[in-house]
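Right, I'll just put the structure down here and ask away after.
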2 protein chains.
Amino acid sequence: MSQEIIQQLRNDAKEWILEAGELIKESMNQPFAVDTKKDRKDLVTEVDRRSEQFFIDKISEKYPDHKVLGEEGMGEEVTSLDGTVWIIDPIDGTLNFVHQQRFFAISIGIYIDGVGEVGFIYDVMADDLYEGVRHQGAYKNGTQLDPIDPQKTLEESMIGLNNTWVIPNRRLDEKKMQELSRNVKGTRSYGSASLEFAYIADGTLDAYITMRLSPWDIAAGMIIVSEVGGVTTRVDGSEIGMLSGNTVVCANQAIHQELLTYIIEK
Amino acid sequence: MSQEIIQQLRNDAKEWILEAGELIKESMNQPFAVDTKKDRKDLVTEVDRRSEQFFIDKISEKYPDHKVLGEEGMGEEVTSLDGTVWIIDPIDGTLNFVHQQRFFAISIGIYIDGVGEVGFIYDVMADDLYEGVRHQGAYKNGTQLDPIDPQKTLEESMIGLNNTWVIPNRRLDEKKMQELSRNVKGTRSYGSASLEFAYIADGTLDAYITMRLSPWDIAAGMIIVSEVGGVTTRVDGSEIGMLSGNTVVCANQAIHQELLTYIIEK
């Protein structure tokens, strides 16, 4: 893939993600704050769909042979990663969007023949734009991010880990997760997978664990984190797939390895 | 207390908290990012102390008869709430300050004869200033905050609750807390008490529970939350004291009442 094409994709993705952010912000100034729960639900669905449609229109106009894999499933069905696939979450952290009106993000990962080339995560309300380009580094608001500390240990780590996985649950041995919780410096939970990846990239978090993510939740994050030296796999250590749901553990190599020993699937 | 005096305290507190925020930001541009763990610890202690000393100098110069109760304990010993007491946390969320370089805040509560009159919480890195003045409302960056929804139920709530309190621990019946975790819309954890109070005030969270807070962690937050209709007590329902450590549960009245039934101290 020529660098010119990558650069073009990068420019377009950046322009469109910022534009989509503006659309979402505008939609939030509508009746949103005052309406009922049902209206809110309808609104988020509408904003989600409108934002995804915006990307589909832009992409299909400029790149008619590219595919779009999105949360709302409004593009054509994507059954293989051949060619160029834009993997998009128009609003990651929907619950935050509805309940908090902040801590949500737009996530775009561009994969070419299955390889993640360009990733963007845009924290709309904080106006923070995270970017990763394969072999060209990761950036936050245009400033290159330092590699994450490869020496940092689990004991020194701040881990993104929701309560869900330390109380009795269907997926994980909660006793081991409780032990993990006690053995780290602290746990945090922000409720947006893409932001939690972005936070690993910029050092806010050292690791992130969750049990149910779709490709669009992680497509951009994996690229960005990989550019600062982070490793992302399923919780059994196997490779993440972009055509199915995933479990996720992401951290520097040493912490990642150690985390795998705590995460015991039922 | 005359409104003129309150207005003067409000102006001064606002000016000084923003100035202290600048000092902290400047200190973060020092070797911080690259130094060792021990250096970091020393730095945070130094920044904490310098920030507290800054407030003590300002307050004692302008209001020589006021008292200062601060985390670093650099003011005179405060054994009663008679007169005017500034209750200050120069950096709330120290762990976040050290590990994340964000999600920390400066907190100032001004109490006159034990009554909270003026509260400020400043999220330094996000540059968000929360303010509450007794009977005069709460504000975020100068915009008055709406009252929190008195109709909202526990089931619809986003709760600030760290893993610590849902895994086996010395203070609470974790089984009941796990039940609570399951019965709410979602749990989040940000690691700064004053920010979690601020988040209740602006609707990011609907409730916050924790078991170990000092007066300076909550002095401002209680005033601000109270101005939007929130209730704060110890987890046994009793009144918060400003001269001792506290357990804390904060929410709208209905959710607060319901939360008390889940929080069983050991």
Side-chain angles (χ1 to χ4, degrees), chain A residues 33-34 36-37 40 93-96 98-104 123 125-128 140 145-146 149 151-153 155-169 174-192 199-200 202-206 209, chain B residues 33-34 36-37 40 93-96 98-104 123 125-128 140 145-146 149 151-153 155-169 174-192 199-200 202-206 209:
Chain A
V34 291
T36 66
K37 223 179 354 169
R40 272 196 204 180
T94 312
L95 200 58
N96 290 353
V98 176
H99 284 262
Q100 307 191 315
Q101 285 104 61
R102 76 200 293 181
F103 292 127
F104 62 87
D123 179 339
M125 302 314 285
D127 194 22
D128 283 331
K140 178 179 178 182
L145 294 168
D146 292 326
D149 182 354
Q151 309 291 341
K152 195 173 248 189
T153 65
E155 289 67 34
E156 301 167 316
S157 294
M158 296 280 271
I159 307 266
L161 177 65
N162 192 266
N163 284 350
T164 311
W165 311 116
V166 299
I167 70 179
N169 67 83
E174 72 272 10
K175 291 273 186 298
K176 287 295 287 181
M177 296 305 285
Q178 293 170 2
E179 194 186 322
L180 171 64
S181 250
R182 280 193 207 91
N183 289 350
V184 297
K185 182 64 80 176
T187 62
R188 298 286 179 266
S189 179
Y190 303 99
S192 156
Y199 288 174
I200 291 181
D202 75 7
T204 301
L205 290 175
D206 302 303
I209 298 166
Chain B
V34 290
T36 67
K37 225 177 356 169
R40 272 196 204 180
T94 312
L95 199 57
N96 290 353
V98 176
H99 284 262
Q100 306 192 316
Q101 286 103 61
R102 76 202 291 182
F103 293 127
F104 61 88
D123 179 338
M125 302 312 286
D127 194 23
D128 282 331
K140 178 179 178 182
L145 294 169
D146 292 326
D149 181 356
Q151 308 292 340
K152 196 175 250 190
T153 65
E155 290 66 34
E156 302 167 314
S157 293
M158 296 279 270
I159 307 264
L161 178 64
N162 192 265
N163 284 351
T164 311
W165 311 117
V166 299
I167 72 179
N169 67 83
E174 71 272 8
K175 291 272 184 296
K176 287 295 286 182
M177 296 305 282
Q178 293 170 1
E179 194 185 323
L180 171 64
S181 250
R182 278 192 208 92
N183 288 350
V184 298
K185 183 64 81 176
T187 62
R188 299 285 180 265
S189 179
Y190 303 99
S192 155
Y199 288 172
I200 291 181
D202 75 8
T204 301
L205 289 175
D206 302 303
I209 299 164

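Note: hydrogens, waters and symmetry copies are ignored here, and every other heavy atom, side chains too, is used. Quick note on labels: first sequence line is chain A, next is B, and so on, each numbered from 1. All figures in this text were calculated on a predicted structure; none of them were measured in a lab.
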* **side chain to side chain donor-acceptor pair (under 3.5 Å) involving N169(B) - partner list, sequence neighbours excluded** => none

* Asked: Who passes side-chain contact (heavy atoms from CB on, under 4.5 Å) against Q151(A), sequence neighbours left out?
  ->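 Only D149(A) meet the side-chain contact (heavy atoms from CB on, under 4.5 Å) criterion with Q151(A).
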
* Best-contacting candidate, S189(B), S157(B), G160(B), against chain A by heavy atom pairs under 4.5 angstrom ->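 Sorted descending by pairs with chain A, the first entry is S189(B).
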
* Choice from G191(A), G203(A), A126(A), G186(A) maximising heavy atom contacts with chain B below 4.5 Å -> G191(A)

* May I ask you to say whether K185(B) pairs ionically with D206(B), meaning some side-chain N is under 4.0 Å from a carboxylate O? =>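 Salt bridge flag = no for D206(B) with K185(B).
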
* Could you look at R188(A) and say if it's the side chain, the backbone, both or neither that has a heavy atom under 4.5 Å from chain B? => both

* Asked: Between Q100(B) and L205(A), which heavy-atom pair has the shortest distance, and what is it?
  ->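 Heavy-atom minimum between the residues: NE2-CD2, 4.2 Å.
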
* Tabulate, in ascending numerical order, the residues of residues 174-184 of chain B having at least one heavy atom closer than 4.5 Å to a heavy atom of chain A, or enter 'none'. => Q178(B), S181(B), R182(B)

* Can you tell me if N162(A) uses its side chain to pair, donor with acceptor, with the backbone of T187(B) under 3.5 Å? ->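 Yes, because the side chain of N162(A) sits within donor-acceptor range (under 3.5 Å) of the backbone of T187(B).
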
* To do: Kindly assign one of parallel, tilted or perpendicular to the pair F103(A) and Y190(A), based on the angle between their ring planes and the thresholds 30° and 60°.
  => tilted

* In chain order, what residues pass the salt bridge (charged side-chain N to carboxylate O under 4.0 Å, His left out) check against D123(B), with sequence neighbours excluded? -> none

